[in-house]
Every structure is written in C-alpha cells, then in structure tokens.
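To keep things clear, I will list the structure first and then write my remarks on it.
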Protein chains: 2
Amino acid sequence: MTKKRFDDSNCSVARALNQVGDWWSLLVVLHAMYGTRRFVDFQQELGIAKNILCDRLARLVDNDVLKKVDVGEHGSRFEYRLTEKGRDLFPVVIALRQWGNKWNPAPDDASLDLRDRTTGQPIQMVQVQNAEGEPITVRDVFVSAVPVPGTKKDSA
Amino acid sequence: MTKKRFDDSNCSVARALNQVGDWWSLLVVLHAMYGTRRFVDFQQELGIAKNILCDRLARLVDNDVLKKVDVGEHGSRFEYRLTEKGRDLFPVVIALRQWGNKWNPAPDDASLDLRDRTTGQPIQMVQVQNAEGEPITVRDVFVSAVPVPGTKKDSA
DNA sequence: TAATCTGGTTTCAATATGCAACCAAATTCT
DNA sequence: AGAATTTGGTTGCATATTGAAACCAGATTA
C-alpha cells in the first residue's frame, strides 16, 4: 500500500535514493548547479507542476541538499541554494549526464559540452578508480566488511 | 495527469533518469552488479513486489540495461544480466553509494568497503576531473555548445 | 490604483505502487 | 510416479502519488 521508503536501509545507495531518487529531485539539483535559484525559474525550466515542485524543494531542504534563503529586501523573496551536501552530488549528476549522452544521444544532436572554466578544455569522463588512480570496472571490485567495526570511517 | 516522461528531452540527465530514475531501477542494477541474476533473488534481496519487479526488469531490458537470458536446460529458466550499457552505470552507482555513505552514514555502522580485487585496497572517491586529471567542483565548469554542430561526438 | 509576479495551497482525475491471491510450467521430494 | 515446491509471472483491489488548473495573499510594477 504505502510506498516503500529506505531511510533506515543498511544500503547506502538505497538511503541516497531515498533523498534524491525520484523523477524530479536530481533534475532540481542539476538546475541548481546550473545556477537556478528561484521557484519560478525551476518551474519554467523543468516544466514541473507547482505542487510537486513545492514538495520536492521542501524535501530537498529537509534533507539538507538545498537551503532556503530569504533574500527579500522589504518582504520575503526566496532563493534555494545548494548546500555542501548538495554540491557533493556533482559526480553523481555528471556521471549520469555522461551516461545519458553516451547511450542515449540527444535526439536533435544539440548536446552541450562541460568544460573547465580555467582551461576551457572538456572535462573527463567520470570513472571509478583504484588506489593507484587506475580506472576500474564492476568486475574489479569486491565488498568487504569494514575491518575495525568501532572505527567510524568514510568507507567507499 | 499522465506521469511526465523525458524520452525526448534535450537534457541527457533527464533522458538518463527516464531509464533508471525511479525508486527501484538503480537498486536492481546495483544488485545485478553485486551478482544477482535471478528473479526470485532480486525479489528477496530488494523486498520489492513481484509485479513491480516484473515491470522494472522489463523496462530495463527494453532500455538495454539488462538482457534476459534463457538458461534453462530442459524448459526455460531466466537470468537477467547486465549489458555493457548497464555495467557502464558503475560510476553512477558508486558515486551515489559514496554520497550516501558520506552524508547519511549507515544507522548500524555496518558500512561495507568496496575494494580493488587485485590489490585489496579501498577504491577512491569518484571525482569529476578536468583534462589534466585534477578534481574539479561544480564551480569550475561551464556549459558550452559543441563547437562543430555536424560532428557527432561524445560530449561530456 | 490596477495589474502582475512570486510562492505557494487546494481540488480532483489519472496513474503508480504494494499486497495478496492465483497460475502454469519445471523441478524436487518421497 | 505422484505430490509438493520453485520459478516467473498476472490479476484485482486499496491506497498513494502525480499533474493540471483554480485559487490566493503579499510584494512589486505600470
């Protein structure tokens, strides 16, 4: 009946998808990365219904992916800005973008390049790398329990 | 009324999300990467309803992310295996996994390490890199039109 | 002062999800 | 061999989510 949620899953992918895993959330984050901050702009750029946009923005704020800032001079006027947690989705979004470009090229061939602001050069494809920095595939990895259970660590 | 779809969007992230952007699809792909191939195993590991799993597997097969292989000796017995397109989601899944681990650590602290099979070392955090291989953030990139419109290229 | 912009909320129809029951072919158990 | 179970689904029904459009109040612009 109720839609499944994964807040307490012990799978970090499931927990991540719980926060940004619906149709719209990552697109909102993407546009925030492109510079969009205002409710109306999100709505027009995404073509999303207002009630859904409200819900998604609120959820992203709840989950600390965006922060809602009142930038009004006299009354209130809001902006939604990426937090560090939100900006940290950059590799996810870019990897997804590159995958989409590679396997489902733009129908009108109007693909856009992402380039390094300082050098003007295109960025690299996002890869998974081993400790030596060599690119690896899914066949090259295995899952291991964290060796020291008491130690909090940022495991990959 | 009808749920929005992004098949023909000129945004590659939208097109990607159209194929793997719902609550379950990426989890199915993840478990496929962990080695799961059989219907029943997906169902038990994910705790997903059978009709939804049917739908998602069929959609992933339609989109060429999985292929359905009849491995039956006498009658039919199916396996769902990742295609190259599916395996190519590895950076996406790993980036999402690392993001989930970093910002929403496992409640029971039972996080699992991904390690390189040959060296036994943990893998690196997935990064976006410029042409020189230096990690960059969302602030370091800009979007540019592909310079030669007639040329088909794998733009980032 | 009137019109419009902004950031919403409400209502309602269409669609998606989840559970449980059912099913047929293949396999395993006794 | 016959019965029970496994596999890979489908169907029906109740609930949840989505999307369009109407509405709204405060701030801004004409």
Side-chain angles (χ1 to χ4, degrees), chain A residues 1-9 14 17-28 31-32 35-63 65-81, chain B residues 1-9 14 17-28 31-32 35-63 65-81:
Chain A
M1 327 272 212
T2 37
K3 183 163 189 175
K4 283 256 175 70
R5 282 293 159 72
F6 311 108
D7 297 282
D8 54 350
S9 169
L17 287 173
N18 203 42
Q19 305 197 348
V20 294
D22 65 300
W23 295 99
W24 289 114
S25 295
L26 265 189
L27 288 177
V28 171
H31 280 247
T36 305
R37 298 178 157 193
R38 304 282 299 283
F39 186 93
V40 234
D41 295 330
F42 282 115
Q43 206 208 324
Q44 289 181 354
E45 292 169 13
L46 293 169
I48 183 177
K50 293 166 82 176
N51 48 354
I52 305 299
L53 179 57
C54 277
D55 179 80
R56 292 306 181 273
L57 287 172
R59 190 123 56 102
L60 289 169
V61 168
D62 274 352
N63 287 331
V65 173
L66 296 177
K67 55 175 178 277
K68 184 175 182 175
V69 184
D70 189 337
V71 294
E73 308 256 323
H74 325 342
S76 32
R77 181 61 44 102
F78 300 113
E79 281 189 2
Y80 295 90
R81 296 185 195 162
Chain B
M1 328 273 212
T2 37
K3 182 162 191 177
K4 282 257 176 72
R5 283 294 158 73
F6 310 108
D7 296 283
D8 54 351
S9 169
L17 288 173
N18 203 43
Q19 305 198 347
V20 295
D22 66 302
W23 295 100
W24 288 114
S25 295
L26 263 189
L27 288 177
V28 170
H31 280 247
T36 304
R37 297 178 158 194
R38 304 283 298 283
F39 186 93
V40 234
D41 295 330
F42 282 114
Q43 207 208 324
Q44 289 181 355
E45 292 170 13
L46 293 169
I48 183 178
K50 292 165 82 175
N51 49 353
I52 306 299
L53 179 58
C54 277
D55 180 80
R56 292 304 182 274
L57 288 173
R59 190 124 56 104
L60 289 169
V61 169
D62 273 353
N63 288 330
V65 172
L66 296 178
K67 53 177 179 274
K68 185 174 183 174
V69 183
D70 189 338
V71 294
E73 307 255 324
H74 326 340
S76 33
R77 182 60 44 104
F78 299 112
E79 279 188 6
Y80 295 89
R81 296 185 194 161

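Letters A, B, ... mirror the listed sequences (proteins, then strands); counts begin at 1.
With C/dG18, D/dT17, C/dT6 as the choices, the nucleotide that has an atom nearest any side-chain atom of B/Ile52 turns out to be C/dG18.
Residue B/Lys50 places no side-chain N or O under 4.0 Å from the OP1 or OP2 atom of C/dT17. Look at A/Lys4 and you won't find any side-chain N or O under 4.0 angstrom from OP1 or OP2 of D/dT17. In terms of phosphate contacts, A/Tyr80 brings no side-chain nitrogen or oxygen within less than 4.0 Å of OP1 or OP2 of C/dT6. Taking side-chain N and O atoms only, A/Arg77 has no distance below 4.0 Å to OP1 or OP2 of D/dA27. Between B/Arg56 and C/dT17 there is a side-chain N or O to OP1 or OP2 distance below 4.0 Å.
Across the protein-nucleic acid pair, A/Asp41 atom CG and C/dT6 atom C1' stand 11 Å apart, rounded to whole Å. In this structure, A/Leu66 atom CG and C/dG7 atom P are separated by 14 Å, rounded to whole Å. Between the CD1 atom of B/Ile48 and the P atom of C/dA16 there is a distance of 15 Å, rounded to whole Å. The interatomic distance linking B/Glu79 (CD) with D/dT7 (C1') rounds to 13 Å, in whole Å. Whole-Å rounding puts the A/Leu53 CG to D/dG19 P distance at 11 Å. With rounding to whole Å, A/Arg37 atom CZ is found 18 Å from C/dG7 atom C1'. Computed from coordinates, the A/Arg5 CZ to C/dA16 C1' distance equals 13 Å when rounded to whole Å. Atom CZ in B/Phe39 sits about 15 Å away from atom C1' in C/dA25, given to the nearest Å.
A heavy atom closer than 4.0 Å to some atom of DNA chain D occurs in A/Trp24, these being the qualifying members of residues 17-28 of chain A.
Here B/Asp22 contributes atom CG and A/Asp22 contributes atom CG; the two are 10.0 Å apart, rounded to the nearest 0.5 Å. Annotation: the span from B/Asn63 atom CG to B/Asp7 atom CG amounts to 8.0 Å, rounded to 0.5 Å. In this structure, NZ in B/Lys67 is found 14.0 Å from OH in B/Tyr80, a value given to the nearest 0.5 Å.
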Carefully, step by step, assess A/Phe6 and B/Trp24 under the rule ring pair (Phe, Tyr, Trp, His ring centres under 6.0 Å).
CA-CA 11 Å; A/Phe6 311 108; B/Trp24 288 114; 5.1 Å; yes

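Heavy atoms of B/Asp55 sit nowhere under 4.0 angstrom from any nucleic acid atom. As judged by a 4.0 angstrom heavy-atom cut-off over every strand, B/Phe42 is placed among residues making no nucleic acid contact.
With B/Lys4 contributing its side chain and A/Gly47 its backbone, the two residues share a donor-acceptor pair below 3.5 Å. Using modelled atom types, one side-chain atom of B/Asp70 and one backbone atom of B/Arg77 make a donor-acceptor pair closer than 3.5 Å.
The pair A/Asp55-A/Arg59 counts as a salt bridge, with a side-chain nitrogen and a carboxylate oxygen less than 4.0 angstrom apart.
When the nearest nucleotides of DNA chain C are assigned to A/Lys68 and B/Gly47 by heavy-atom distance, the more 5′-ward of the two goes with A/Lys68.
On a pure distance criterion of 3.5 Å, no polar donor-acceptor pair joins the side chain of A/Asn51 and the base of C/dG8.
A side-chain N or O of A/Thr36 and one of A/Glu45 form a donor-acceptor pair less than 3.5 Å apart.
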